[in-house]
Amino acid sequence: MPAVAADAPAPAAAPKTLRYAFRVAETAFDPAQITDLYSRTVSANIFEAPLAFAWMARPVKLRPATAAAMPEVSADFKTITIRIQPGIYFADDPAFKGQRRELTAADYVYAIKRHYDPRWKSGNLYLLENAKILGLSELRKELMAAKKPFDYDREVEGLRALDRYTLQFRFGEPQPRFLYLLADGSFTGAMAREVVELYDDKIGAHPVGTGPFKLTQWVRSSKMVLERNPGYREVYYDEQPPAERPDLQAAAKAFKGRRLPMVDRIEVSIIEENQPRWLSFLNGGHDMLDELPPEFATIAIPNNKLAPNLAKHGIHMERYPRADVSVSYFGMEHPVVGGYTPDKVALRRAIALAVDVEREIQLVRRGQAVPAQSHVGPNTWGYDAAFKSEMGEFSRARARALLDMHGYIDRDGDGWRDLPDGTPLLLEYASQPDQQNRQLNEQWKKNMDAIGIRIEFKLAKWPEQLKASRAGKLMMWGVGWSATVPDADAFLELGYGPNKGQANHARFDLPDYNRLHQQQRVLPDGDERRALIDEQKKLMVAYMPYKVHVHRIFTDMTHPWVKGYHRNIFVRDFWKYVDVDMDEMKKRTAK
């Protein structure tokens with residue numbers, strides 16, 4: 001009698017994986033240390049803040065995340081009380097010695113205090129210090145003066161755990177918009193003290209949060225792998241999109257009731273050059289293209305419409321303006337371009353007037369941007385599309401006249417302008433060694449050649465430039481700045497003096513601007529606040545610590561097997577809302 005073969009076990013299903021690439025390398029994953037967009041994107045999917053921005057809400061709307069309900073806010077905006085949901089747990093980690101570790105209010109107190117600890121050199125401390133949380137800045141100063149370590153056990157009036165699950169903030173000034181800061185897991189996400197103490201200086205490589213994903217592999221500046229956190233609580237897809245967005249309505253209906261996250265694995269690569277990143281997406285090597293490289297816009301989205309050959313393959317495009325500015329800053333403490341005297345102001349304004357932004361938009365950005373008139377980006381309260389200023393003006397004649405008037409002339413006959421004291425005038429512009437920055441540098445060279453100013457470029461990788469910039473070591477650098485909250489304050493912080501080395505890379509410090517900033521930020525939204533914001537814009541134009549080039553327009557693309565993707569510019573932790581149809585991917589890529 002022939003033997004009967006046993007049924008073979010069914011092969012395990014391949015994990016649902018979302019694959020895409022960053023165009024700039026990450027730095028680390030510690031909310032107290034990171035400031036760059038890419039590290040914050042990863043961290044926001046690991047750590048959780050008490051609140052979150054609703055994924056599909058238009059206009060933007062806050063909702064509870066780990067909070068049990070929306071916070072109680074006092075009528076004077078000076079006290080915020082938050083109840084944290086019981087039964088939320090951190091991802092498993094050796095720091096917990098085999099025990100499940102529940103999230104408590106004390107974890108938020110600890111995580112926020114870490115920004116005040118000088119050891120971690122928080123680049124976002126300014127956001128908390130400017131909020132005047134009672135007692136924390138004073139504690140920091142006292143311990144720094146005494147050269148003592150930060151005392152996490154010292155209770156302060158402004159940040160307390162009233163009981164196991166109740167968190168309270170108290171402020172020295174009204175804080176009408178502080179809740180926005182409590183909706184970013186990459187900044188105010190909860191951290192367990194025992195994890196930080198175990199990993200110490202290596203905490204940036206060992207992120208442990210309560211969020212939907214956990215980091216399982218990291219090859220620095222090359223690849224990050226995150227997998228579903230098996231201990232993540234039960235959270236279900238339940239979105240309320242606006243009626244005028246039928247595409248979002250359909251997605252909300254299709255996914256309603258699905259447990260989050262819907263994918264098992266995220267793979268993020270670093271591909272700095274635009275061409276290989278674009279080709280990898282086209283060839284199915286990545287499921288999603290985050291920010292279409294501008295040089296391929298005329299091919300992929302001619303006239304800003306999806307190209308027929310891409311549409312034929314089911315590719316989806318999402319085009320949107322981000323709350324964004326692209327700037328070149330002048331180091332205000334640098335002896336060549338810095339300073340507040342009329343001659344130094346004239347030099348910066350002349351350089352800015354000589355920048356042909358329209359040509360930059362057409363040749364380098366391929367039409368995927370609009371000229372900026374101020375340092376406040378769109379999609380934020382306080383942005384005014386009707387505001388016009390010298391920031392958006394291009395006039396080489398005016399630039400030459402300003403330089404001549406203030407003594408920046410060619411004194412030695414070599415064809416290049418010199419400083420008023422006769423020493424050579426040489427600009428040094430920091431940049432990165434990728435194709436787009438090379439093209440932007442070419443435009444800078446042509447613009448400066450046209451007015452007789454020499455310029456050289458100092459190339460280094462992004463993390464190196466960021467470190468040097470925060471230390472105040474760069475003369476000029478070109479960067480993008482994206483708001484994490486739907487308010488102009490995210491951009492106004494760029495010029496606030498106490499923010500030097502943090503948001504204020506230019507190290508601009510003007511008493512009049514600082515005074516206006518302090519006045520507007522304690523006011524509720526309204527005409528009075530809007531008028532003060534307009535005055536801040538005008539001062540930034542007049543002194544020109546930043547040449548604001550453009551507000552960029554971005555296009556994301558996804559293959560047809562990626563389901564439910566759209567862009568909410570204030571939601572970093574979008575991975576949990578996206579699904580990947582692995583069967584459809586196999587069918588389409590097999591053809």
Side-chain angles (χ1 to χ4, degrees), residues 19-25 36-38 41 221 268-313 315-322 324-328 355-372 377 394 429-449 455 457 459-462 465 477-482 547-559 567 569:
R19 307 162 300 158
Y20 72 110
F22 289 164
R23 59 187 181 87
V24 172
D36 62 287
L37 171 64
Y38 307 96
T41 298
S221 302
V268 182
S269 304
I270 307 299
I271 305 179
E272 295 178 337
E273 289 291 350
N274 286 335
Q275 185 179 42
R277 191 163 64 90
W278 167 241
L279 291 176
S280 178
F281 170 73
L282 281 185
N283 295 330
H286 289 112
D287 310 306
M288 170 183 165
L289 181 71
D290 181 35
E291 301 177 13
L292 172 72
E295 57 261 46
F296 300 108
T298 54
I299 299 171
I301 51 170
N303 300 314
N304 299 321
K305 303 291 184 182
L306 186 65
N309 64 308
L310 299 180
K312 181 180 178 180
H313 287 90
I315 289 174
H316 171 74
M317 68 172 277
E318 181 92 359
R319 192 166 187 266
Y320 58 96
R322 190 174 286 174
D324 164 274
V325 291
S326 181
V327 307
S328 294
V355 174
D356 189 345
V357 169
E358 291 288 358
R359 189 172 181 83
E360 175 186 318
I361 290 173
Q362 293 305 314
L363 294 184
V364 182
R365 303 187 185 278
R366 304 301 199 274
Q368 305 307 300
V370 296
F394 168 56
Y429 192 98
S431 185
Q432 291 77 248
D434 59 78
Q435 181 62 26
Q436 182 171 358
N437 275 286
R438 285 193 288 270
Q439 293 175 357
L440 290 169
N441 295 346
E442 289 174 7
Q443 293 304 306
W444 264 107
K445 181 73 167 59
K446 290 177 182 178
N447 291 327
M448 294 302 98
D449 285 354
I455 185 169
F457 302 94
L459 302 182
K461 295 283 189 178
W462 166 266
Q465 300 288 30
W477 190 26
V479 294
W481 185 266
S482 296
K547 165 57 181 175
V548 188
H549 296 241
V550 299
H551 305 306
R552 292 173 291 180
I553 300 171
F554 296 89
T555 300
D556 298 343
M557 290 187 171
T558 53
H559 283 290
R567 176 66 76 165
I569 60 175

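What you see is a predicted model, and the numbers here were worked out from it, not measured in a lab.
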Please step through side chain to side chain contact (heavy atoms under 4.5 Å, CB included) for the pair L279 and F296, ending with a clear verdict. CA-CA 10 Å; L279 291 176; F296 300 108; over 6 Å; no
Report the C-alpha distance between H286 and S280 in whole Å, list the side-chain angles of each, state the deciding distance to 0.1 Å, and finish with yes or no for side-chain hydrogen bond (donor to acceptor under 3.5 Å, both in side chains). CA-CA 6 Å; H286 289 112; S280 178; 2.6 Å; yes
Residues D556, Y320; criterion side chain to side chain contact (heavy atoms under 4.5 Å, CB included); working and verdict: CA-CA 9 Å; D556 298 343; Y320 58 96; 3.1 Å; yes
Tell me, with the steps shown, if D287 and M557 meet side chain to side chain contact (heavy atoms under 4.5 Å, CB included). CA-CA 9 Å; D287 310 306; M557 290 187 171; over 6 Å; no
Would you please test K305 and I301 for side chain to side chain contact (heavy atoms under 4.5 Å, CB included) and show each step? CA-CA 5 Å; K305 303 291 184 182; I301 51 170; over 6 Å; no
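For the pair I553/V370, a side-chain contact is recorded, criterion being any heavy-atom separation below 4.5 Å from C-beta on. Under the 4.5 Å side-chain criterion, counting only non-hydrogen atoms from C-beta, R366 is not in contact with I299. Put simply, the side chain of D356 does not reach to within 4.5 Å of the side chain of Q443, judged on heavy atoms. Residues W481 and D324 are not in side-chain contact: their nearest non-hydrogen atoms beyond the backbone lie 4.5 Å or more apart. Taking the side chain as every heavy atom from C-beta outward, R365 and R552 approach each other to under 4.5 Å. Residues W278 and L289 form a side-chain contact, since some pair of their non-hydrogen atoms from C-beta on lies under 4.5 Å apart. Side-chain contact between D434 and V24 is absent, with no heavy atoms from C-beta onward closer than 4.5 Å. Annotation: side chain of F394 is not in contact with side chain of V355 (no heavy-atom distance under 4.5 Å).
Scored by the ring-ring contact (aromatic ring centres under 6.0 Å, His included) test, H551 finds Y383 as partners (sequence neighbours excluded). Residues meeting the side chain to side chain contact (heavy atoms under 4.5 Å, CB included) test with E442, sequence neighbours left out: none. For H559, the side chain to side chain contact (heavy atoms under 4.5 Å, CB included) partners are F281, I315, W561, not counting sequence neighbours.
Between N304 and Q368, the side chains place a donor N or O and an acceptor N or O closer than 3.5 Å (distance only, hydrogens not considered). Inspection of the R438 and Q435 side chains reveals an N or O donor paired with an N or O acceptor under 3.5 Å. H549 and S326 are not linked by any side-chain donor-acceptor pair at a separation below 3.5 angstrom, with hydrogens and angles left out of the test. Inspection of the N274 and R23 side chains reveals no N or O donor paired with an N or O acceptor under 3.5 Å. One side chain, W477 or Q432, offers a donor N or O that lies under 3.5 Å from an acceptor on the other.
Here the CG atom belonging to D449 is positioned 3.5 Å from the NZ atom belonging to K445, to the nearest 0.5 angstrom. In this structure, the separation between OG1 on T558 and NE2 on H316 is 5.0 Å, given to the nearest 0.5 Å. To the nearest 0.5 Å, atom OG1 of residue T41 and atom CZ of residue F22 are 5.0 Å apart. Here the CG-CG distance, from L310 to L282, works out to 6.5 Å after rounding to the nearest 0.5 Å.
With respect to D290, the salt bridge (charged side-chain N to carboxylate O under 4.0 Å, His left out) criterion is satisfied by exactly one of R277, R567, R19: R567.
Environment of CG in N309: crowded, with over 12 heavy atoms of neighbouring residues, nucleotides or ligands closer than 6.0 Å.
The six-membered or imidazole ring of Y429 lies near that of W444, with a centre-to-centre distance under 6.0 Å.
Counting all heavy atoms, side chain and backbone alike, L363 lies closest to Q439 at O-OE1, 4.5 Å. Contact between N437 and S431 at its shortest, heavy atoms only, is CB-OG, 3.4 Å. The two residues A372 and V548 come nearest to each other via the heavy atoms CB-CG1, 3.5 Å. Counting all heavy atoms, side chain and backbone alike, N441 lies closest to F457 at O-CZ, 3.2 Å. Across all their heavy atoms, A460 and Q465 have their closest contact at N-NE2, 3.4 Å. The heavy-atom pair separating A297 from L292 by the smallest distance is CA-CD2, 3.9 Å.
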